[in-house]
Amino acid sequence: MLLMGDVTSVYHSLLDENRVLSSPVGAIERHSQFLMIGSMNVGAGYAGVRALNDAFKDRFAVLRLPSTLEFVEMIQNKTGLHDRHGLLFLEKVKKAVDQLIQEESQGHAASTIRGYIDAARYFLENGINAETKNEIIEDYVLNKIEDQDEYMALRHMIRDSAWGDFPISAEEDEYQKGGF
């Protein structure tokens, strides 16, 4: 959730030594066992993340958790996929998405770990071949994107950076000819 300073200031008196929430009907005392926990992703890799204002941040104990597992290790642990070819393929697709985000600020919707987890499970159930590679790209990566220009840009990036054999769809062919 993106909380701006004017929103977080509502919580100041609740979270500090006053232990009350100011409201239009008067002060509401916080319960003796009240606990507020917040979490956020930090860093440039997360769309829409804003720094917390100092007054709000000062009312929390900040815990820095260790960074997550490497992508391939995480996919293995979450899905049981250990086929090196399949894991490297998924990693290449993820890097293509990350590259599009970095270079053109597009493709954020396709940067979903759940999509890669589902893709790995699909590989486990159906094997790893050209057909299943195409299906996982279409179903678990590309279909997350709604904007057609962004969708086409990601198709192109995947073909250029991850899988040169990714087929050009009829829709993509029409788009390239200017039919859309």
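Put simply, the side chain of S13 never gets that close to the backbone of N18: no donor and acceptor are under 3.5 Å apart. A side-chain donor-acceptor contact under 3.5 Å links R155 to the backbone of P167. Side-chain atoms of R19 do not come within 3.5 Å of backbone N or O of R30 as any donor-acceptor pair.
Across Q99 and S161, no two heavy atoms sit closer than the pair OE1-OG, 3.0 Å. Minimum interatomic distance between N126 and N129 (heavy atoms only, all atoms of both residues): O-ND2, 4.2 Å. Heavy atoms only, all atoms of each residue included: A153 and E104 are closest at CB-OE1, 4.3 Å. Residues K94 and I113 share a closest heavy-atom pair of CE-CD1, 4.5 Å. When all heavy atoms are compared, the tightest approach of D147 to E150 is OD2-N, 2.8 Å. Heavy atoms only, all atoms of each residue included: H156 and E172 are closest at N-OE2, 4.4 Å.
I137 is listed as a side-chain neighbour of F89, based on a closest heavy-atom distance under 4.5 Å. Inter-residue side-chain proximity for E171 and M152 is flagged as met; some heavy-atom pair is nearer than 4.5 Å. Side-chain contact between Q106 and M157: absent, with no pair of heavy atoms (C-beta onward) separated by less than 4.5 Å. Considering only heavy atoms from C-beta on, R114 stays 4.5 Å or farther from Y140 through its side chain. Taking 4.5 Å as the limit, some side-chain heavy atom of V141 sits within range of a side-chain heavy atom of L154. The shortest distance between side-chain heavy atoms of E29 and F34 does not fall below 4.5 Å. At a threshold of 4.5 Å between non-hydrogen side-chain atoms, the residues L87 and F123 do not count as touching.
Cluster membership for V10 and L15, using ILVMFWY side-chain heavy atoms within less than 4.5 angstrom, is shared. Under a hydrophobic clustering in which Ile, Leu, Val, Met, Phe, Trp and Tyr are joined whenever their side-chain heavy atoms come within less than 4.5 Å, directly or via other members, L100 and I168 fall into different clusters.
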Exercise for the section: Dump the intermediate steps for side-chain contact (heavy atoms from CB on, under 4.5 Å) on F60 and M36, then the final yes or no. Expected result: CA-CA 9 Å; F60 286 90; M36 183 170 182; 4.3 Å; yes
Exercise for the section: Decide side-chain contact (heavy atoms from CB on, under 4.5 Å) for V93 and W163; before the verdict, give the C-alpha distance in whole Å, the side-chain angles of both, and the deciding distance to 0.1 Å. Expected result: CA-CA 8 Å; V93 171; W163 189 37; 5.8 Å; no
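The residues D173 and K177 are annotated as salt-bridged, a charged nitrogen and a carboxylate oxygen being separated by less than 4.0 angstrom. A salt bridge is defined here as a Lys NZ or Arg NE, NH1 or NH2 lying under 4.0 Å from an Asp or Glu carboxylate O, and R59 with E17 fails to meet this definition.
Considering CG of L21 and CD1 of I28, their distance stands at 5.0 Å, rounded to 0.5 Å. In this structure, CD on E70 lies 8.0 Å from CD on E91, to the nearest 0.5 angstrom. If you take CZ on R121 and CD1 on I75, they are separated by 9.0 Å, rounding to the nearest 0.5 Å.
Ring to ring, Y116 and F71 are close: their centroids are under 6.0 angstrom apart.
Considering I117, I136, V72, I128 as possible partners of L90, the one that fulfils the side chain to side chain contact (heavy atoms under 4.5 Å, CB included) test is I136.
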